[in-house]
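Before any comments, here is the structure.
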Amino acid sequence: MQRYLIKFSYSGIRFRGLQRQPGEIFNGEFPCRASIQTIFEKALLRLRQYEKALETNIQFSNRTDQGVHSFCNIAHFDLSLQKDGSALSPHKLMKILNTYCEKSDISLSVNNVEAVPPTFHARYSSFYRHYLYRIAVTDKDVKAYPIVEWKKCYFIPKPFCLDNAVKACELFEGTKDFASFCHHFKQKPSGYPTIRTIDHFYIKPGRTLFDPVYDPLYSNIEFYDFHVKARSFMYKQMRLMVSVVVALAQGRMNLDQVCQLFEKPGEWNPRAMTAPPYGLYLLNVDYKIPQDEQPQRLVENQGEEFAQSDN
């Protein structure tokens, strides 16, 4: 068996999320409505000699909800060796995956494929996840937004105090009990771990996806980017964190109320409404590849050479 690491990006607007969903039925006429895991599995089935080996699950570095986007997520999976004992080349595997995505007309692209030792694990070998959350602040009477920003940004009305948002972000950094930012925490089993370390969480002025010169609807819209970096997150944690900061910046909460979410873990303030998934982007995953083992011998069709990219 040979283990492969893949790096991929996607627009999550129509996918059913990253991981295969219970009861999910694949429809070849509408592949974009499937999960990304199902798409990859269908693409790999094009390798007929590997059909029996595809029972092994694709393992992702983390899970993203339906609607969340990614610039660089990673995953790993194993494929059996070819009849001559060699492993399929990363170059050929990347071509197979991207060809399937292109023909299926879906917003998913594999950016790199690398042969890795069997001790590498996309989840456990990753030590940092870096997320971006985009918001756009508009006048209260705005009823139409730039079409290119559709489901790529969270639009909120004024008022919005950037100084208060900056102060609120600082409260989240460090090692704390984030039980209040765990979705459905009260339904979790006793002892569910909610201690997390947020290394960085800040907000700064953002930018448009398209030049405002060409779309007058960009007028008077202020864009801001939230950045957060940590080893791990709980389900919907990032979106709940953003919702609290937005509530503070809009005057629906104050700093004392934000602090209470940490002083009374598990309690939630209904003045903060969960931020939608489509403003969230996975920017990067930092990982380490074990160097104790070497990948299997790789071959390339017709003698082609392939140089693996650096991490």
- Task: Give the other cluster members for Tyr124, using side-chain heavy-atom distances under 4.5 Å between Ile, Leu, Val, Met, Phe, Trp and Tyr residues; answer none if it is isolated.
- Result: none
- Note on the structure: Residue set satisfying ring pair (Phe, Tyr, Trp, His ring centres under 6.0 Å) with Tyr192, at least two apart, ordered chain then number -> none
- Message: Please evaluate residues Asp225 and Arg207 with respect to the criterion salt bridge (charged side-chain N to carboxylate O under 4.0 Å, His left out), reporting the C-alpha separation (whole Å), side-chain torsions for both, the decisive distance (0.1 Å), and the verdict.
- Response: CA-CA 8 Å; Asp225 293 342; Arg207 58 188 301 178; over 6 Å; no
- Please check if any side-chain donor atom of His227 sits under 3.5 Å from a side-chain acceptor atom of His130, or the reverse. yes
- Test item: Glu267 side-chain N/O and Lys264 main-chain N/O as donor-acceptor pair under 3.5 Å: no
- Task: Using ring pair (Phe, Tyr, Trp, His ring centres under 6.0 Å) as the criterion, list what pairs up with Phe160, not counting sequence neighbours.
- Result: Tyr224
- Query: Are the charged groups of Asp65 and Arg239 less than 4.0 angstrom apart, N to O?
  - Reply: yes
- Message: Side chains of Phe226 and Ile135, heavy atoms from C-beta outward: is any pair under 4.5 Å?
- Response: yes
- Decide side-chain contact (heavy atoms from CB on, under 4.5 Å) for Lys7 and Cys72; before the verdict, give the C-alpha distance in whole Å, the side-chain angles of both, and the deciding distance to 0.1 Å. CA-CA 6 Å; Lys7 297 180 181 180; Cys72 185; 4.2 Å; yes
- Side chains of Tyr100 and Lys95: do they bring a donor and an acceptor to under 3.5 Å? no
- Message: Angle between ring planes, Tyr218 versus Phe223, binned at 30° and 60°: parallel, tilted or perpendicular?
- Response: tilted
- Non-neighbouring partners of Arg134 that pass side-chain hydrogen bond (donor to acceptor under 3.5 Å, both in side chains), sequence neighbours left out: Glu149
- Asp139 meets the salt bridge (Lys or Arg N to Asp or Glu O under 4.0 Å) criterion, sequence neighbours left out, with Lys158
- Heavy-atom pair of closest approach, residues Val258 and Val244: CG2-CG1, 3.7 Å
- Show your reasoning for whether side-chain contact (heavy atoms from CB on, under 4.5 Å) applies to Phe178 and Ile198. CA-CA 10 Å; Phe178 283 89; Ile198 302 297; 3.5 Å; yes
- Could you check Phe233, Tyr202, Phe201 and say which one makes a ring pair (Phe, Tyr, Trp, His ring centres under 6.0 Å) with Phe172? Phe201
- Query: Can you tell me if NZ on Lys167 sees more than 12 non-hydrogen neighbours from other groups inside 6.0 Å?
  - Reply: no
- Atom OH of Tyr128 with >12 non-hydrogen neighbours under 6.0 angstrom: no
- Query: Got a sec, which residues hit side chain to side chain contact (heavy atoms under 4.5 Å, CB included) with Ser70, two or more places apart in sequence or on another chain?
  - Reply: Tyr10, Asn73, Leu282
